[in-house]
**Q** 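Starting off with a structure, shown below.
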Protein chains: 2
Amino acid sequence: MDTGDRLLTPGEVAALFRVDPKTVTRWAAAGRIGSIRTPGGHRRFRESEVRALLEGELEKLGETR
Amino acid sequence: MDTGDRLLTPGEVAALFRVDPKTVTRWAAAGRIGSIRTPGGHRRFRESEVRALLEGELEKLGETR
DNA sequence: AGTCAATGGGGTAATTTGGGCG
DNA sequence: TCTGTCCAAATTACCCCATTGA
């Protein structure tokens, strides 16, 4: 499985959780989710970590998507 | 199987059923409806599941829309 | 170089949560 | 048993505009 290194933008993560991109930024600032910074200061998130958070919740619904 | 449907907020689900958002929260807490949590603790609901529940009840009334 | 969508930062509404009460 | 409401605290959404990314 090599899906672990792909980076997601704040907007992509926000869409997965159905929240505002700004909210994802706050999660990063609060340390709830790890984030990488571009030289320009924009945040990027590891897909593996986001998937883990999301699917960790989805499994409670009995679906594998 | 790809059930990649959107997620709904408590308020949106409440509007569909014409109930108070608090009631939707109780449904989730009682396991009557599946729910996932944002890292901040807010609930999100699967549109497909909500629709299924809603349509299922509407059919009992012989309604198509 | 120049366009345009997305992001960051700051500040302010709106929503959600959880408990308890009726 | 199920639902609506009041409350305080926490989380999230929307507004601005300068900067970054593609």
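These figures come from a predicted structure and were not determined experimentally. Reminder, nothing fancy here: chain letters follow the sequence lines and each chain counts from 1.
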**Q** Any non-hydrogen side-chain atom of B/Arg46 less than 4.5 Å from a side-chain atom of B/Leu7?
**A** yes
**Q** Please report, rounded to the nearest Å, how far the C1' atom of C/dT16 is from the NZ atom of B/Lys22.
**A**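 Checked: the NZ to C1' distance equals 9 Å.
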**Q** State whether the distance check finds a donor on one side and an acceptor on the other, under 3.5 Å, for side chain A/Arg26 versus base D/dA10.
**A** no
**Q** Identify the nucleotide, in any strand shown, that forms a Watson-Crick or G-U wobble pair with C/dC21, with both distances under 3.5 Å; if there is none, say none.
**A**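 C/dC21 is paired with D/dG4.
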**Q** Whole angstroms only, please: what is the CZ-P distance between A/Arg18 and C/dT16?
**A**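 In whole Å, C/dT16 P lies 10 Å from A/Arg18 CZ.
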**Q** Give a yes/no answer on whether the side chain of B/Trp27 brings an N or O atom under 4.0 Å of OP1 or OP2 in D/dT3.
**A** yes
**Q** Could you tell me whether the phosphate oxygens of C/dT16, OP1 or OP2, come under 4.0 Å of any side-chain nitrogen or oxygen in B/Arg44?
**A** no
**Q** Could you check how far CD1 of A/Ile36 sits from P of C/dT7, rounded to whole Å?
**A**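 One finds 16 Å between P of C/dT7 and CD1 of A/Ile36, rounded.
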**Q** So what does A/Arg43 hit on the nucleic acid, given a heavy-atom distance under 4.0 Å: a base, only sugar-phosphate, or nothing?
**A**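 Result for A/Arg43 = sugar-phosphate.
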**Q** Separation of A/Arg37 atom CZ from C/dG8 atom C1', in whole Å?
**A** 8 Å
**Q** Give me the atom names and distance for the closest heavy-atom approach of B/Ser35 to B/Phe45.
**A** CB-CE2, 3.6 Å
**Q** Rounded to whole angstrom units, what separation is found between the CG atom of A/Leu16 and the P atom of D/dT12?
**A** 15 Å
**Q** Any chance you could measure B/Thr25, atom OG1, to B/Ile33, atom CD1, to the nearest 0.5 Å?
**A**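 One gets 10.5 Å once the value is rounded to the nearest 0.5 Å.
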**Q** Between D/dT3 and B/Thr23, is there an OP1 or OP2 to side-chain N/O distance shorter than 4.0 Å?
**A** no
**Q** May I have the distance from B/Leu8 (atom CG) to C/dT15 (atom C1'), rounded to whole angstrom?
**A**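 Distance check: B/Leu8 CG to C/dT15 C1' gives 15 Å.
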**Q** Tell me which of A/His42 and B/Pro39 sits closer to the 5' end of DNA chain D, going by the nucleotide each one is nearest to.
**A** B/Pro39
**Q** Identify the nucleotide, in any strand shown, that forms a Watson-Crick or G-U wobble pair with C/dG2, with both distances under 3.5 Å; if there is none, say none.
**A**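 Paired with no nucleotide.
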**Q** Rounding to an integer number of Å, can you tell me how far B/Asp20 CG sits from D/dT5 C1'?
**A** 8 Å
**Q** So, is B/Thr9 close to the C/dT15 phosphate, meaning a side-chain N or O under 4.0 Å from OP1 or OP2?
**A**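 For B/Thr9, the contact criterion (side-chain N or O under 4.0 Å from OP1 or OP2 of C/dT15) is not met.
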**Q** Does A/Thr38 put a side-chain nitrogen or oxygen below 4.0 Å from OP1 or OP2 of D/dG21?
**A**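 So the side-chain polar atoms of A/Thr38 do come within 4.0 Å of the phosphate oxygens OP1 or OP2 of D/dG21, strictly under.
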**Q** Looking at A/Arg18 and B/Glu47, is there a salt bridge between them, counting it only when a charged N and a carboxylate O are closer than 4.0 Å?
**A**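 Salt bridge: no.
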**Q** Side chains of B/Arg51 and B/Ser48: do they bring a donor and an acceptor to under 3.5 Å?
**A** no
